[in-house]
Amino acid sequence: MANYVAFNAQRAIEYVNSLIDSKQCDFFIAGQNLSAYEFGDGNLNLVFRVSDEQNNSIILKQALPYARCVGESWPLTLDRARIEAQVLLNHGAICPKYTAKVLHYNHDYALTILEDLGSLQILRSAQNNAQQFPKLAQHVATYLSHTGFYNSDFYLAAQHKKALVKQFTNPELCQITEDLFFSDPYIDHERNNFPAQLAPQVKALRDNPVLKLEIAKLKANFLSNPQTLLHGDMHSGSIFVDTNTTKMIDPEFGFFGPIGFDIGSFIGNLLLNYCAQTGHIEEFVTRRNYQTHLLSCIVETYNLFEQHWLNLINTKTVDEALNNDAYAQYFIKNVLQDAIGYCGAELIRRTIGLAHVVDIDSISDENTRIDVQKQTLALGEQLIINACSCDTKDAFFSLLISQLN
C-alpha cells in the first residue's frame, strides 16, 4: 500500500469526485457540490459521511495503520479493510437484508464505501434508552445461522472451504481478540482497566483454577477451530436497527472460527445491558419489564438460531457423512456450550479489560456502577464454569435465570 495516505474530509470529497468523474460509481450525479465530515467514534478507523446537495449520502470508512483508541504505539495491519469488505460481500450474498451493502473498495487506500445507514440507530445506544425492537432476535438469528451454515463444512466442498479459510486469515486482529478476551483479564496487564474497588473480585477470578482451565479451553478452541466465517465483533455497537430493520456492520475482525463465538458475543452484550439497567432505570417495575424483554430476546435469538441450523443441516447439507440427525444434535450442543463460554468471556473482558461498554461506564452513581460490574464479573464466571454442564438450551436458560434473580 505504497500510495496510502490518511484521509481528511476534503480528501474524502476529492476521492468520491474522482470516482464520479471516471464513471466508477453512481452514488451521486456528476457536477454536484459534495460535503463531508468525519464522525468515527470507534477504536480503529476514520469514518466520513459524504453528501450531495439533495442530502443523498454514503459512508467512506478508512483503516488507520494503528489503533485509534491507543495511538501510533499500537500499529495495525491495513489488510483489515480488505477483510471487512470481503466479509460484508460474503455475508451480503447470503443475507443481503441484514448486511451493510458495500458500494466500493480500494485496496491501496484501505477504504470501503458503504451504504449510509444513518436513518437507523446503533443498537447499544437504543438499548441504553430502553428501546425495544421486536424483530431483532429473528433478524440476528437468521443472519448468524445462515452466514454460519453456508460457510461451513456442511455446505462447502472441502477445498473451497480451505481456500476461504486462507483468504480470511486475519492474524493481527485475531491476536487482539485472543489477548483481550482470553489473556489480559486473567493476568496483571497494563491494558486492563478497572476501579480499585473491584480488585478483590479480579483477584478471585485470577486465582480460580477451574475458571482458568475453562478460559484456556475457550482460547484453544478460538485458535484452532475454523468452523465458519465469523463476523468476529458481534456486539451491540456493530448493529444498526429500527423497528423493522437490522443491519450488521464492521466485521473487520472476521475470520474462520468457532460458530458459538458470534452468538455468544451478541448474547453477552444483551446481558451487559441487562445488568446496566440497574443504573439507568430507577423505577423497579419499569426496569424489570425492560430486563424481561432483554431475556426474551436472548431466548428467542437462541431458539431461532438452533431451529435454523437444524433445518439447514437437514435440508441443505452437501456432505452426506455430516447429514446425520444424531450428529446434528451433537453439533448443536457443542455450539451452545461454546456460545455460553464466549458469552461469559465477553462479560468479563468488557468489565475489567481494555474495551468497556458505555452501558456500564455511563452509570453516574459510582456505587451502583461498581455493583453492576461485580454482577457482570460474577455472571461471566458462572457462565464460563458451567457452560459444559448445559446439554440443552433449556439448561442454559435456567442457568441464566438462577444467576440473574
Side-chain angles (χ1 to χ4, degrees), residues 42-43 67 69-70 123-125 127-128 176-208 210-212 214-216 218-219 222 233-238 253 261-281 287 291 294-295 298 339-387 399-400 402-405:
N43 293 326
C69 62
V70 176
L123 177 61
R124 189 180 306 285
S125 300
Q127 289 185 328
N128 285 338
I176 294 174
T177 303
E178 291 150 16
D179 289 343
L180 299 188
F181 264 83
F182 310 114
S183 297
D184 290 1
Y186 307 97
I187 60 175
D188 184 12
H189 197 285
E190 62 183 6
R191 284 192 294 255
N192 289 330
N193 175 21
F194 58 87
Q197 296 95 316
L198 288 182
Q201 286 74 27
V202 174
K203 184 178 187 304
L205 289 177
R206 293 173 179 172
D207 291 344
N208 185 336
V210 178
L211 178 66
K212 297 288 285 289
E214 295 306 318
I215 281 293
L218 288 169
K219 182 171 185 177
F222 185 88
D233 201 19
M234 192 70 190
H235 59 75
S236 305
S238 295
F253 283 79
F261 184 77
D262 275 351
I263 189 166
S265 296
F266 174 71
I267 292 172
N269 278 265
L270 295 186
L271 290 172
L272 286 163
N273 189 262
Y274 177 104
C275 296
Q277 291 303 336
T278 301
H280 294 300
I281 303 176
R287 181 171 72 247
Q291 289 173 323
L294 291 172
L295 285 179
I298 290 170
I340 298 168
Y342 291 125
C343 173
E346 174 76 348
L347 286 162
I348 290 174
R349 73 102 174 186
R350 290 291 193 179
T351 304
I352 61 175
L354 172 69
H356 288 199
V357 291
V358 69
D359 314 47
I360 296 174
D361 282 1
S362 62
I363 297 172
S364 57
D365 183 79
E366 182 181 23
N367 291 330
T368 302
R369 187 170 63 252
I370 296 298
D371 286 342
V372 169
Q373 291 173 313
K374 289 178 180 178
Q375 182 184 23
T376 56
L377 288 181
L379 177 59
E381 179 182 37
Q382 289 304 308
L383 290 176
I384 293 168
I385 289 173
N386 291 290
L399 174 62
L400 266 184
S402 71
Q403 296 299 314
L404 292 172
N405 293 292

Participant: Quick check for you: to the nearest 0.5 Å, what is the distance between Leu271 atom CG and Leu379 atom CG?
Facilitator: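 CG of Leu379 is found 5.5 Å from CG of Leu271.
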
Participant: Look up atom CG in Leu198 and atom NZ in Lys374, then write down how far apart they are to the nearest 0.5 Å.
Facilitator: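 The NZ atom of Lys374 is 7.0 Å from CG of Leu198, to the nearest 0.5 Å.
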
Participant: When rounded to the nearest 0.5 angstrom, what distance separates CG in Leu347 from CD in Gln382?
Facilitator: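 These two atoms lie 12.0 Å from each other.
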
Participant: Testing the basics here: between Arg206 and Pro185, what is the closest heavy-atom pair and its distance to 0.1 Å?
Facilitator: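 Smallest heavy-atom distance, with atoms named: NE-O, 3.1 Å.
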
Participant: Could you pull out the closest heavy-atom pair between Ala387 and Gly341, with the gap in Å?
Facilitator: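 Minimum heavy-atom contact is CB-N, 3.8 Å.
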
Participant: What are the two closest heavy atoms between Asp262 and Asp233, and how far apart are they?
Facilitator: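 Smallest interatomic distance, heavy atoms only, reads OD1-N, 4.4 Å.
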
Participant: Give the ring-plane orientation class for Phe222 versus Phe182, where under 30° counts as parallel, over 60° as perpendicular and anything between as tilted.
Facilitator: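 Phe222 and Phe182: tilted rings.
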
Participant: Quick one: pull up CE in Met234 and CD in Glu346 and give me the separation to the nearest 0.5 Å.
Facilitator: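 Here the rounded value is 11.5 Å.
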
Participant: In the structure I gave you, are the side-chain heavy atoms of Ser362 and His280 within less than 4.5 Å of one another anywhere?
Facilitator: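 Result yes, sub-4.5 Å side-chain heavy-atom pair found.
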
Participant: For the residue pair Asn192 and Ile187, what are the closest heavy atoms and their distance?
Facilitator: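 So the two residues come closest at ND2-O, 3.0 Å.
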
Participant: Side chain to side chain contact (heavy atoms under 4.5 Å, CB included) for Gln197 and Asn367? Distances and angles first, verdict last.
Facilitator: CA-CA 10 Å; Gln197 296 95 316; Asn367 291 330; 5.9 Å; no

Participant: Tell me, do Leu377 and Ile348 make a side-chain contact under 4.5 Å, heavy atoms counted?
Facilitator: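 Leu377 vs Ile348: side chains touch.
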
Participant: Any sub-3.5 Å donor-acceptor pair from Asn269's side-chain atoms to Ser265's backbone N or O?
Facilitator: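 Yes.
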
Participant: Please answer whether the main-chain N or O of Arg124 pairs with a side-chain N or O of Asn273 as donor and acceptor at a distance below 3.5 Å.
Facilitator: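 Looks like no, no N/O pair under 3.5 Å.
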
Participant: For the residue pair Thr351 and Phe194, establish whether any side-chain heavy-atom pair is separated by less than 4.5 Å.
Facilitator: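 Side chain of Thr351 against side chain of Phe194, heavy atoms only: no contact under 4.5 Å found.
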
Participant: Quick one: do Asp359 and Arg350 make a salt bridge, cutoff under 4.0 Å?
Facilitator: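 The answer is no: the pair does not qualify as a salt bridge.
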
Participant: Any side-chain heavy-atom pair from Thr278 and Asp371 closer than 4.5 angstrom?
Facilitator: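 Result no, sub-4.5 Å side-chain heavy-atom pair not found.
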
Participant: Do you know which two heavy atoms are closest between Asp361 and Gln373, and how far apart they sit?
Facilitator: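 Taking Asp361 first and Gln373 second, the nearest heavy atoms are OD1-NE2, 4.5 Å.
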
Participant: Please tell me if the side chains of Ile370 and Pro195 come closer than 4.5 Å, counting only heavy atoms from C-beta onward.
Facilitator: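 Counting from C-beta outward, Ile370 and Pro195 do come under 4.5 Å.
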
Participant: Would you call Gln291 and Leu295 a side-chain contact if the rule is heavy atoms closer than 4.5 Å?
Facilitator: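 No, their side chains stay 4.5 Å or more apart.
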
Participant: I'd like to check Leu383 versus Leu400 (side-chain heavy atoms, cut-off strictly below 4.5 Å). Are they in contact?
Facilitator: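 Touching, per the 4.5 Å side-chain cut-off.
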
Participant: Assert yes or no for the condition that the ring centre distance of Phe253 to Phe261 is strictly below 6.0 Å.
Facilitator: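 Distance test on ring centres: not under 6.0 Å, no.
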
Participant: How long is the gap from NZ on Lys212 to CG on Leu205, to the nearest 0.5 Å?
Facilitator: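 It is 10.0 Å, given to the nearest 0.5 Å.
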
Participant: If we ignore hydrogens and angles and just use 3.5 Å, is the side chain of His356 paired with the main-chain N or O of Asn193 as donor and acceptor?
Facilitator: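 Confirmed, His356 side chain pairs with Asn193 backbone.
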
Participant: Considering non-hydrogen atoms only, spot the tightest contact between Leu270 and Gln127 and give its length.
Facilitator: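 That closest heavy-atom pairing would be CD2-NE2, 3.4 Å.
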
Participant: Report the distance from atom CG of Asp184 to atom NE2 of His189, rounding to the nearest 0.5 Å.
Facilitator: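 Reported value, rounded in 0.5 Å steps: 4.5 Å.
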
Participant: Dump the intermediate steps for side chain to side chain contact (heavy atoms under 4.5 Å, CB included) on Ile340 and Asn386, then the final yes or no.
Facilitator: CA-CA 8 Å; Ile340 298 168; Asn386 291 290; over 6 Å; no

Participant: For Leu354, is there any backbone N or O sitting under 3.5 Å from a side-chain donor or acceptor partner on Arg191?
Facilitator: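 Such a contact is absent between Arg191 side chain and Leu354 backbone.
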
Participant: Do Leu218 and Ile215 have side chains that approach each other closer than 4.5 Å (heavy atoms only, starting at C-beta)?
Facilitator: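 Sidechains of Ile215 and Leu218: in contact.
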
